[in-house]
Number of protein chains: 2
Amino acid sequence: MQLKPIKPSKISDAISEQLKELIRSGTLKPGDRLPSERELVDQLGVSRPSVREALLKLEARGMVTSRQGGGTYVADVLAPSIVNPLADLLRDNPDAISDVLECRHGLEELAASYAALRATADDRELIQEKFHALADANAARDLERAATADAAFHMAIAEASHNFALVHITRSLFDLLSTQMLSNWERLMMNPKTCEEIHDQHQYIFEAIVSGDPDMARNAAHTHLSYIGRSLRGLGEPDAGDRRRAALGD
Amino acid sequence: MQLKPIKPSKISDAISEQLKELIRSGTLKPGDRLPSERELVDQLGVSRPSVREALLKLEARGMVTSRQGGGTYVADVLAPSIVNPLADLLRDNPDAISDVLECRHGLEELAASYAALRATADDRELIQEKFHALADANAARDLERAATADAAFHMAIAEASHNFALVHITRSLFDLLSTQMLSNWERLMMNPKTCEEIHDQHQYIFEAIVSGDPDMARNAAHTHLSYIGRSLRGLGEPDAGDRRRAALGD
DNA sequence: AGTGATAAAATGGTCCGACCATTATATGGA
DNA sequence: TCCATATAATGGTCGGACCATTTTATCACT
């Protein structure tokens, strides 16, 4: 007969649970640095051994990593189980990049639709901020900054979906494709017309999310991503997707 | 370039490795009580915090259990030596589970749509086979076999999308939820009417893919998965709907 | 101004000693 | 023998201290 565990009353468990929730909710993202042990002691009002036990437990579970003198950092829990095998796959089979792109696009449509449903005021503000940053970078013809801003814009949308799995997987795929993306981005942005259309599509996505219409957001994302896909496939043929087709989707 | 792990050389690691070896070799059998922390301090010539760290690490891995005043004992079941941090994050966290489910559903819609476009004759035959196996298991009221068959059916669809990344991520999410899904499945299938409706939905998905209509396939998948989501939420805690209810009630 | 070495601060790792809460064991009386 | 109590053993928590490493700030030098 298996009875209840009864005892969650260890201080370190309470601490580690709290930290785990911060990681799950996305407040602490992979790569982020945790407060130092002594700061946590002050903030939580517990002793350092208790804090250490909590961090030890998280480290044993592979959720954080600690370096003496450095600090404690949030580990990426998705990478080992999902992305690493994908990275291996990509190494052996570069053609699979289009598969990953396809996958990412599906996730982004999903994220856009959920973001429209669940984005808080703060989320919308953040998305708007990223959108404007992207527009500025584009206007300044700063390709590298624009690529970063584009990733930040799409990640902000993913975070606004308030779905931790979606956020983590999207981020992982972004990281996975980051190198490839820059060159693609450069090739895309060489055409001012394409650049402008992409900006408009971003604006449609942004407006759809702000207006809270999940279907519109999903369609806007789909339009944008299928346009990107078509443009990448038809490189050297800037007129491959004209504005009317992009607006109507395919 | 991946360098060597250098040297952890943490005292607690050396201790925990030594204890782990004792357990692995059978010197310490499940249920055995290991020496008290203070005894280990004397025997190993290290400080008590180091011993505690080592024991904490073993406890986090589930290899030993400690009771205040009682002592530390080798766990009865030491099978799960490897721990998936993600699975740990999901345990006792319904929100996280529904996040992963949501994510999986989005991917499955995508897979259904692509499967409709790209499925070969062999793919369609395989999907049909899995579909019938699932129907048989359901008719036989064999819940465990039905759960396996359901996974096989959806995985066959993912494979038919001919997208490596989609297949891989879908499989990862399936594995992640495998433990949780069985109980969910049991709760769903207790209702014959629900069981029948799910069968019909599977059939719609199957037919849409065979007919080669991506939009129909996507819609069929969406209908199916939102129905599953609604049913699970309705079976569980009615008060847990909050933000998710709007997302699924479309 | 840029650069590189050096000093200072921050941070995790280790250790000590103490006390508390819980459990197991020994003790003693019925 | 049996049960309640007292005692001992054990893990849990705490505070402080010091060390090793890393990061950051400082400053002299070119």
Side-chain angles (χ1 to χ4, degrees), chain A residues 3-20 22-23 28-76, chain B residues 3-20 22-23 28-76 78 85:
Chain A
L3 272 301
K4 56 206 167 182
I6 302 184
K7 298 277 300 179
S9 57
K10 281 179 60 174
I11 295 183
S12 59
D13 283 337
I15 301 175
S16 62
E17 282 301 321
Q18 201 168 332
L19 291 176
K20 227 189 302 187
L22 287 179
I23 295 177
L28 287 174
K29 303 183 231 312
D32 281 0
R33 179 178 183 172
L34 298 175
S36 72
E37 297 181 354
R38 293 166 179 83
E39 281 183 46
L40 289 174
V41 166
D42 292 338
Q43 294 181 20
L44 297 171
V46 296
S47 70
R48 194 170 159 215
S50 295
V51 170
R52 264 189 82 71
E53 275 194 19
L55 294 178
L56 256 298
K57 182 167 298 186
L58 292 182
E59 189 174 17
R61 282 173 154 68
M63 301 181 64
V64 303
T65 59
S66 296
R67 294 198 322 273
Q68 184 174 179
T72 304
Y73 294 82
V74 179
D76 191 343
Chain B
L3 274 300
K4 53 199 170 186
I6 307 180
K7 256 303 182 181
S9 74
K10 280 177 59 175
I11 295 182
S12 58
D13 283 336
I15 301 174
S16 63
E17 282 303 321
Q18 200 168 331
L19 291 176
K20 221 187 302 184
L22 287 179
I23 295 177
L28 287 174
K29 287 178 278 292
D32 281 359
R33 175 180 182 171
L34 28 100
S36 72
E37 296 180 355
R38 292 168 179 83
E39 282 182 44
L40 289 174
V41 167
D42 292 339
Q43 293 181 20
L44 297 170
V46 297
S47 70
R48 193 170 160 216
S50 295
V51 170
R52 270 188 74 74
E53 274 194 20
L55 294 179
L56 256 301
K57 182 167 296 188
L58 293 182
E59 190 174 15
R61 281 181 150 71
M63 302 182 66
V64 302
T65 59
S66 298
R67 294 197 322 274
Q68 183 173 188
T72 304
Y73 295 83
V74 179
D76 295 331
L78 53 151

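Proteins get letters first, then strands, A, B, ... in listed order; numbering begins at 1 in each. As the structure is a computational prediction, the values presented were derived from the model and not from experiment.
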Between CG of A/Leu40 and P of D/dT13 the distance, given in whole Å, is 16 Å

Open item on the list: With a 3.5 Å cut-off and heavy atoms only, can you find an N or O donor on one side and an acceptor on the other between the side chain of B/Arg67 and the base of D/dG12?
Closed with: no

Whole-Å distance, B/Ile15 CD1 to C/dG13 P, equals 14 Å

_For a quick check, tell me whether the side chain of A/Gln68 and the base of C/dG12 share a donor-acceptor pair closer than 3.5 Å._
yes

(Q) Assess the residue pair B/Leu58 and B/Lys20 against the criterion (side-chain contact (heavy atoms from CB on, under 4.5 Å)); give the C-alpha distance rounded to whole Å, side-chain angles, the decisive distance to 0.1 Å, and a yes or no. (A) CA-CA 8 Å; B/Leu58 293 182; B/Lys20 221 187 302 184; 4.3 Å; yes

Closest heavy-atom pair, B/Gly62 versus B/Ala75, reported as atoms and distance to 0.1 Å, is O-CB, 3.4 Å

The single option from A/Leu55, A/Val74, A/Val64 that satisfies side chain to side chain contact (heavy atoms under 4.5 Å, CB included) with A/Leu19 is A/Leu55

Checking A/Arg48 side chain against A/Val41 main chain: does a donor-acceptor pair fall under 3.5 Å? no

| Would A/Ile15 and A/Leu44 satisfy side-chain contact (heavy atoms from CB on, under 4.5 Å), going step by step from the backbone distance to the final call? | CA-CA 8 Å; A/Ile15 301 175; A/Leu44 297 171; 3.8 Å; yes

Ordered by number, residues from residues 46-54 of chain A within less than 4.0 Å of DNA chain D (heavy atoms) are A/Ser47, A/Arg48, A/Pro49, A/Ser50, A/Glu53

Whole-Å distance, B/Asp42 CG to C/dC16 C1', equals 14 Å

Whole-Å distance, A/Asp13 CG to D/dG11 P, equals 17 Å

Whole-Å distance, A/Arg38 CZ to D/dC19 C1', equals 11 Å

B/Ile11 atom CD1 is separated from D/dC18 atom C1', nearest whole Å, by 14 Å

Here the distance between atom C1' of D/dT10 and atom CZ of B/Arg33, to the nearest Å, is 7 Å

To the nearest angstrom, the CD-P distance between B/Glu37 and C/dC19 comes to 18 Å

Please tell me if A/Thr72 has a side-chain N or O lying less than 4.0 Å from either OP1 or OP2 of C/dG12.
yes

Practice prompt. Please step through side-chain contact (heavy atoms from CB on, under 4.5 Å) for the pair B/Lys57 and B/Asp13, ending with a clear verdict.
Written response: CA-CA 9 Å; B/Lys57 182 167 296 188; B/Asp13 283 336; 2.5 Å; yes

* To do: Kindly indicate, with the supporting measurements, whether the criterion side-chain hydrogen bond (donor to acceptor under 3.5 Å, both in side chains) is fulfilled by B/Thr72 and B/Ser66.
  => CA-CA 4 Å; B/Thr72 304; B/Ser66 298; 3.1 Å; yes

